[in-house]
Amino acid sequence: MDPGPIEPLRSSLLDWWEDHGRHDIPWKLRPDGSRPGPGEPLDPFGVWVAEVMLQQTQLAVVLPYWHRLMAAFPDVGALAAASEHDVLMLWQGLGYYARARRLHGGAQRLVAAGGDPWPRTLEGWMALPGIGRSTAASILSSAFDLPHPILDGNVQRVVARLVAHPGPPKRDMAHFWRLSETVLDPHRPRAFNQALMDLGAGVCTPRQPCCGACPWRGRCAAYAAGDPGRLPVKDTSPPVPFQVIGVGVVRDKDGRVLIDQRLQEGLLGGLWEFPGGKQEPGEAIEATIQRELREELAIEVAVGEELITLEHAYSHKRLRFVVHLCRWRSGEPQPLASQQVRWVAPEELSSYPFPAANARIISALLLRLRASQRPAE
DNA sequence: GAGTCGTGGCA
DNA sequence: TTGCCAAGACT
């Protein structure tokens with residue numbers, strides 16, 4: 001458990017980081033692209049946006065989303081003044097959409113408070129929606145170079161191997177926080193925390209860590225034990241259920257299609273979708289679609305040909321979407337299980353935020369419509 | 001405290 | 001191909 005003398009651990013990691021770390025992360029640089037000096041503050045807004053996007057999401061995925069959001073909303077005032085629709089438009093495809101709503105709500109709260117809005121304490125940041133201890137510490141060390149230890153997945157993995165922790169980190173988080181605090185270099189917290197994450201992301205990787213490139217190899221208990229890839233120990237995850245979803249792309253006489261906005265809470269909250277629902281045992285998929293549209297929208301439809309079938313895996317369930325074109329027959333659509341419903345022209349679909357699976361349905365629909373406009377030559 | 005909450009990359 | 005997994009927070 002004792003990580004041993006700390007100072008050589010710190011200096012060896014920082015030396016490694018100078019040559020092998022990531023030094024091109026935009027929110028960790030000055031506006032002119034140069035590296036900040038020790039203690040020099042960075043734009044907390046850009047850091048905040050980045051750290052929220054980085055929750056359970058890798059850096060390479062976040063980068064384009066961060067650039068687009070910062071271009072649209074350069075400061076907290078612009079974000080606070082934006083509509084939730086516009087925020088979700090920039091977040092679509094990134095996942096975990098509650099993060100976007102909480103970021104937006106946090107911006108409005110900070111602006112409403114007035115003055116210099118940026119907290120300088122862990123408690124101040126954690127009071128904002130969507131900010132836990134890990135994200136708060138990341139923001140404070142990144143933006144203000146304050147000596148707060150961090151404990152994201154990278155740090156948990158690096159530390160678990162360093163001390164060869166025998167159990168799942170989740171069960172000993174207090175212990176891991178103390179270890180992160182112990183190793184943290186209090187004189188260069190921003191650089192040290194970034195170095196620790198870069199080590200986890202690039203060298204001390206989940207599978208097949210590159211121990212030959214690791215500055216801590218000589219101090220790593222898991223390396224000494226011979227099988228660092230085995231750590232950290234993880235709890236067995238429950239099997240994910242599989243469900244078939246019948247989806248209707250309903251068109252009216254004018255060629256408009258019917259979409260609904262999902263409820264604010266729960267899966268894909270606040271995003272738009274084509275309506276549908278779970279297939280019941282023994283039920284034909286056409287019957288599923290008819291039933292779901294009747295129950296959730298109070299409309300009657302004629303189910304036509306299949307548009308596309310696609311499978312999509314979420315964190316805790318796998319779904320197969322069977323999508324059929326439908327013709328609207330009767331009934332004014334009612335938002336019985338959604339926030340609102342709307343008839344839109346196909347070319348208008350691009351101005352609504354959709355989850356990834358629905359984006360694929362839209363692509364298939366637009367392809368089909370173009371093909372039908374241009375009969376086979 | 002165990003479940004819920006996305007997506008794309010990779011072996 | 002299938003499964004695993006990532007810079008976590010909230011209930």
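Protein chains get the first letters and strands the later ones, always in sequence-line order, with residue 1 at the start of each. Because the structure is predicted, anything quoted here is derived from the model rather than measured.
The side chain of A:Ser315 approaches B:dG6 more closely than any other nucleotide in the set C:dC5, B:dG6, C:dG8. Nearest to the side chain of A:Arg207, among B:dT7, B:dC10, C:dG8, sits B:dC10. Closest to the A:Tyr97 side chain, of the nucleotides C:dC5, B:dT7, B:dC5, is B:dT7. The listed nucleotides are C:dC10, B:dG6, C:dC4; the one nearest the side chain of A:Arg102 is C:dC10. For A:Lys234, taking side-chain heavy atoms from C-beta onward, the closest of the listed nucleotides B:dT7, C:dC5, B:dT4 is C:dC5.
Between A:Leu94 atom CG and C:dA9 atom C1' the separation is 15 Å, expressed in whole Å. The interatomic distance linking A:Gln156 (CD) with C:dA6 (C1') rounds to 11 Å, in whole Å.
At the phosphate of B:dG1, neither OP1 nor OP2 sits under 4.0 Å from any side-chain N or O atom of A:Lys170. The phosphate of B:dG8 has neither OP1 nor OP2 within less than 4.0 Å of any side-chain N or O from A:Thr57.
Going from atom CZ of A:Phe274 over to atom NE2 of A:His324 covers 15.0 Å, rounded to the nearest 0.5 Å.
Across all strands shown, A:Ala60 has no heavy atoms under 4.0 Å from either base or sugar-phosphate atoms. Residue A:Gly200 is classed as having no contact, given no heavy-atom separation below 4.0 Å to the nucleic acid.
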